[in-house]
Asker: 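Shown below is the structure under consideration.
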Amino acid sequence: MIFIADVVVHLKPVVNDPQGLVVRDGLRRLGFADVHGVRVGKHIQVELDAGDEQGARAAVESMCDRLLRNPVIEDYRIDAVRAVAEAAAAS
Amino acid sequence: MIFIADVVVHLKPVVNDPQGLVVRDGLRRLGFADVHGVRVGKHIQVELDAGDEQGARAAVESMCDRLLRNPVIEDYRIDAVRAVAEAAAAS
Amino acid sequence: MSVISAGAAPPTDAALAEVALSRAEYEAAARLLGREPNHVELGILGALWSEHCSYKTSKPLLRALPTTGAAVLQGPGENAGAVDVGDGFACVFKIESHNHPSAIEPYQGAATGVGGILRDIFTMGARPVALLDSLRFGPLEEPRQRHLFEGVVAGIGGYGNCIGVPTVGGELYFDESYRENCIVNAMCVGVVPSERLTRASARGPGNAVLLVGADTGRDGIHGASFASVQFDDSSEERRPAVQVGNPFLEKCLMEACLELAGDPRIVAMQDLGAAGLCGSAAELAHRGGVGVEIDVARVARREQGMTPYEVMLSESQERMLVVVRPQDVDAVQQVFERWDLHSDVVGRVVAEQRFVVRDGGAAVCDLPLDVLVDGVPQRTAPGPRPERAMTLEHRMWASPWPMEETLLRLLRSPNLGSRRAVFRTYDHQVGDATVVRPGGDAAVVRIPGSVRGLAMCTDGNARYTSLAPRRGAAIAVCEAARNVVATGARPVALTNCLNFGNPEVNDVYWDLHDAIAGIADACTALGVPVVSGNVSLYNESERSRIAPTVVIGMVGVIDDVARHCAAAFASEGDEIAVAGPLAGRLDASELQRLGFGVNAKVAPDLDLDLERRVQSFVGEAIAAGLLHSAHDLAEGGLGVAAAECAIWSGLGLRAEIAELTHPPDGERAPFEAAGILFGEGQSRFLISYAREALVQLQDLAARHSVPLRALGTVGGSRITFSGVLDVSLEAARDAYEEALQPSA
Amino acid sequence: MRFGIAVFPGTWSDRDCAHAVELSGNEAVMLWHKDRDLRGADCVMLPGGFSYGDYLRAGAVARFAPLMEAVVEFTEGGGLAWGICNGFQVLCEAHLLPGALTRNASLQFRCEPSWLRVETDSCAFTASCRVGDVLQIPVSHGEGRYVADEATLDELERDERVVFRYVTPAGLAVGAATPNGSMRDIAGIVNPAHNVLGMMPHPERACEPLLGSADGMRLITSVARSLRRDGALAASTR
Ligand SMILES: Nc1ncnc2c1ncn2[C@@H]1O[C@H](COP(=O)(O)OP(=O)(O)O)[C@@H](O)[C@H]1O
Ligand SMILES: [Mg+2]
């Protein structure tokens with residue numbers, strides 16, 4: 001079965017996120033005065049074959065541990081793992 | 001009230017995603033042979049003041065239209081808008 | 001013996017507009033074919049008959065350019081030009097525009113422009129050693145223009161830095177005329193031992209055609225026709241035409257191709273650019289006097305459900321065609337595999353000069369190559385040469401501001417101030433060969449494995465060209481040559497990019513005509529041939545049209561790179577002088593633009609013989625070791641040039657110009673100091689030298705009949721023109737460095 | 001001495017490193033990322049570039065190359081590894097060095113001269129320098145902001161593992177002289193055994209006065225001399 005997993009990787013809260021600051025300032029300059037803060041991270045969509053959802057999730061967890069995030073500076077979470085009909089959404 | 005919104009910005013499906021290709025190949029080389037495809041996008045967390053959830057969502061939508069995504073090559077979706085107790089999670 | 005049966009009814013106007021063909025062109029095509037083209041053929045014809053691919057307007061005009069010379073190894077007609085630069089090395093270079101894509105998506109548009117010009121160089125077997133850019137936007141104070149500017153700069157850096165080719169120079173202007181159509185030209189310079197120079201002409205019927213690199217997606221379909229129509233408000237809908245570049249993939253492609261360059265197993269190499277597989281395969285076959293057959297079913301896709309038409313016209317980046325003998329296919333594919341590059345045999349060379357496309361079995365396109373590549377009816381002048389309104393000599397002399405303020409304003413002007421904010425974001429040193437870095441006149445890059453160096457620059461003042469297309473274009477060539485000469489190099493050849501509006505408009509056509517004539521004038525006078533170039537037309541929108549913009553990319557050779565000359569002053573106590581004539585007028589100057597808005601009427605004068613003599617004088621003076629610095633006088637004139645030499649060196653200067661403002665010989669009426677300091681008279685250099693060299697310099701100047709005016713001396717921490725202007729070096733530097741900063 | 005120079009897809013300082021090594025009178029051999037063979041190198045250089053495009057994170061993919069297995073083994077046996085720019089990023093990703101290199105604080109690529117103060121001469125790479133020496137060596141990177149947690153930073157300082165700091169030409173660490181916003185102005189560090197160096201600036205671009213500085217040559221000479229001395233020691237005790 002084919003699954004798509006959404007992985008979110010963010011800098012740890014203690015690590016400075018200059019990009020977030022720039023986006024925040026940009027938004028404020030555009031008139032969005034109510035923005036308190038912005039953090040910019042990565043959203044990684046992985047499409048994979050797996051027996052079932054548990055299997056897919058376990059595989060993606062291991063991908064995160066090995067490659068998708070750098071544990072020194074980043075946290076991650078797996079947002080969703082869903083089966084897709086058949087063919088690919090991501091290619 | 002303070003809200004946190006999660007915005008996901010991805011290259012449009014028809015647009016070439018070199019980063020996704022490298023991550024896919026990297027995962028395969030690490031032994032994850034079942035990976036069909038990877039797409040890498042941005043996950044942007046915006047913390048803002050708003051009257052209610054609808055207001056927050058509308059503001060974030062307008063931020064996406066004006067700054068957060070590049071309409072030429074990117075799509076976006078707002079994944080979640082949730083109220084936070086008081087003080088900030090994102091800074 | 002076409003296998004295609006006649007097409008159905010003639011296409012509608014809408015269908016023709018879709019492929020950017022006129023009814024007359026369509027009818028010409030049908031006549032040449034003896035039948036109606038089918039849908040796929042129509043699209044392919046539209047792409048190859050576009051201005052971008054066929055040069056239907058400019059080709060007859062470009063014949064006026066001198067393209068030959070003793071050093072020329074390859075003139076226009078190949079992917080890039082090549083000249084012999086000594087020690088057995090060829091220098092391969094070309095400039096190309098990516099204006100339209102950059103206007104829509106500045107980062108990716110500029111990045112893929114760099115990717116494209118790099119491929120043109122390594123396709124010829126040359127290792128790219130340098131990149132340069134030439135950029136023009138609307139006024140920087142406008143947020144949209146800053147967005148475009150920053151995006152384009154980031155895109156150029158993003159691609160060049162990642163692939164590891166240094167971006168060593170370029171130019172940057174801001175002017176109202178580019179508000180709706182920015183200019184993004186990129187130049188690449190490569191080096192190759194001459195015997196490894198590779199050509200892109202297919203030979204040998206039966207040879208295999210390999211497609212290497214990225215998978216093919218629906219990127220930029222109609223890109224070629226897209227660059228050949230002007231923008232209207234529906235351009236927004238063509239947006240998927242924007243491509244995302246992959247410099248990493250191109251790096252691998254480059255290394256693999258360079259590994260194969262000069263290898264006898266490689267019959268020909270050709271990059272994929274405008275009109276994708278179609279354009280490249282057709283050119284490859286046409287150059288070789290053979291035909292080609294492509295099977296789209298064998299093309300690796302990134303997306304599903306692509307039609308043959310889409311596959312053939314896709315402008316997906318980072319792809320190459322390689323022609324090899326059948327028995328060598330495996331070995332060549334292995335080289336690509338080593339670099340993790342995918343390659344497929346997608347077709348073969350055939351004897352008959354036809355362009356055949358199959359989709360698995362049946363042919364979906366079968367056209368005679370000469371119709372496809374050469375059949376487009378060439379365009380002629382839309383009308384007779386227009387009467388140009390005679391402009392009265394304007395003679396503007398004065399500045400609206402006191403001299404100190406005038407200098408600081410000029411230094412702070414985005415057109416004149418420091419470009420450090422740009423070039424510090426470009427890796428300009430990778431390759432361990434950048435001897436003169438960006439920031440001065442031309443950059444100097446040494447040739448690896450040789451003591452020789454290459455000086456290179458891009459130049460072109462469109463204000464002059466819009467006032468006087470012919471003289472302005474000649475000035476662009478002279479200025480580029482001057483920049484190269486100032487480093488101690490001998491100009492050897494140039495490339496050019498002609499950025500104009502819609503050539504179907506009579507004035508635009510004649511501007512283009514005259515500008516080409518001006519390039520030819522200067523090339524002939526200076527003895528520098530044109531070896532490559534690019535034409536970008538339709539740079540206009542419903543509301544505005546760009547000024548005629550001629551960008552010259554000049555390359556020169558220094559025999560011993562250790563003996564190059566700097567632009568910055570060298571030491572306290574040196575004397576300074578202007579080599580060349582006096583300036584006086586401020587017309588068409590940056591000061592006129594800043595102080596009085598755009599009301600220029602007259603472009604600077606140009607005396608090509610004097611220009612040649614002044615350049616020879618400076619060249620010989622440097623070769624004889626007489627100069628400690630040389631800097632050409634360009635926008636902002638003597639005052640700005642002197643301030644630059646001072647800022648770059650950290651050494652001030654003290655000059656006397658009273659004698660210039662009131663010439664004793666009464667050679668002209670007394671000049672205003674502003675005219676002397678900030679007028680943009682041509683054919684001039686600011687030089688510095690040890691006092692002892694003066695006599696020899698005077699001799700040399702006399703021999704070349706070049707005026708030489710001593711001005712004063714280098715030293716101290718102020719920029720002083722006695723009695724006229726006196727500012728601290730620090731104030732000047734601050735103004736200069738502020739020029740491109742956002743005004744907070 | 002023989003310097004092995006790693007080549008990953010996307011590496012671009014490999015040829016510059018080879019040029020500099022040869023200029024110093026030593027031998028350079030290229031090490032292909034798919035091989036596990038270090039070809040008898042006395043010191044392995046991991047050069048600058050954008051390995052695998054630096055997509056995802058700089059150095060993240062290169063770290064898994066077969067060649068890196070050999071490098072890890074080599075350094076565990078005391079061999080010298082020298083990561084420059086992208087090489088530093090690879091070494092951090094491989095956890096041969098602590099911390100991480102993140103996007104420059106300016107969010108822009110920076111190519112410009114920088115001045116490095118030698119903070120320790122207790123490693124082979126600076127053995128011929130003196131503490132306090134200021135070297136002019138250019139930087140060229142978009143992701144060179146060194147970050148680590150406070151405990152790690154303290155440990156690095158305590159164990160004399162900060163090798164270079166960005167300073168003014170006069171040798172002062174003032175923060176503003178740091179081109180990328182690195183914590184504590186750190187430009188280069190070594191591992192606990194002092195045989196693995198990572199640095200962001202490019203010494204191979206500063207080996208000839210013609211190119212603006214020859215200070216980088218002192219580092220190559222340091223390595224070669226240390227290797228020769230150790231080799232001589234090893235030979236005399238054999
Ligand atoms: N302004 C010009 N001056 C001289 N040669 C030119 C000019 N414009 C185009 N050419 C030449 O015409 C040929 C086609 O150019 P172009 O379509 O830009 O090439 P490519 O398809 O390789 O990008 C090249 O050989 C180029 O050098
Ligand atoms: Mg080409």
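In what follows, chains carry the letters A, B, and so on, assigned in the order in which the sequence lines appear, proteins first and then strands, with residues in each chain numbered from 1. Every heavy atom of this structure was used, including side-chain atoms; hydrogens, water molecules and symmetry mates were not.
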Asker: Which bit of B:Val23 is near chain D, if near means a heavy-atom gap under 4.5 Å: side chain, backbone, both or neither?
Answerer: side chain
Asker: Which one, B:Gly26, B:Pro18, B:Gly20, leads in non-hydrogen pairs under 4.5 Å with chain D?
Answerer: B:Pro18
Asker: Taking everything shown except D:Glu73 itself, do over 12 heavy atoms lie less than 6.0 Å from its CD?
Answerer: no
Asker: Please determine whether the number of non-hydrogen atoms from other residues, nucleotides or ligands lying under 6.0 Å from atom CZ of D:Arg165 exceeds 12.
Answerer: yes
Asker: Side chains of B:Val22 and D:Val61, heavy atoms from C-beta outward: is any pair under 4.5 Å?
Answerer: yes
Asker: As an exercise, state the distance from CG of B:Leu21 to OH of D:Tyr52, rounded to the nearest 0.5 Å.
Answerer: 14.0 Å
Asker: Side chain to side chain contact (heavy atoms under 4.5 Å, CB included) for B:Leu30 and D:Phe64? Distances and angles first, verdict last.
Answerer: CA-CA 8 Å; B:Leu30 282 178; D:Phe64 293 106; 3.3 Å; yes
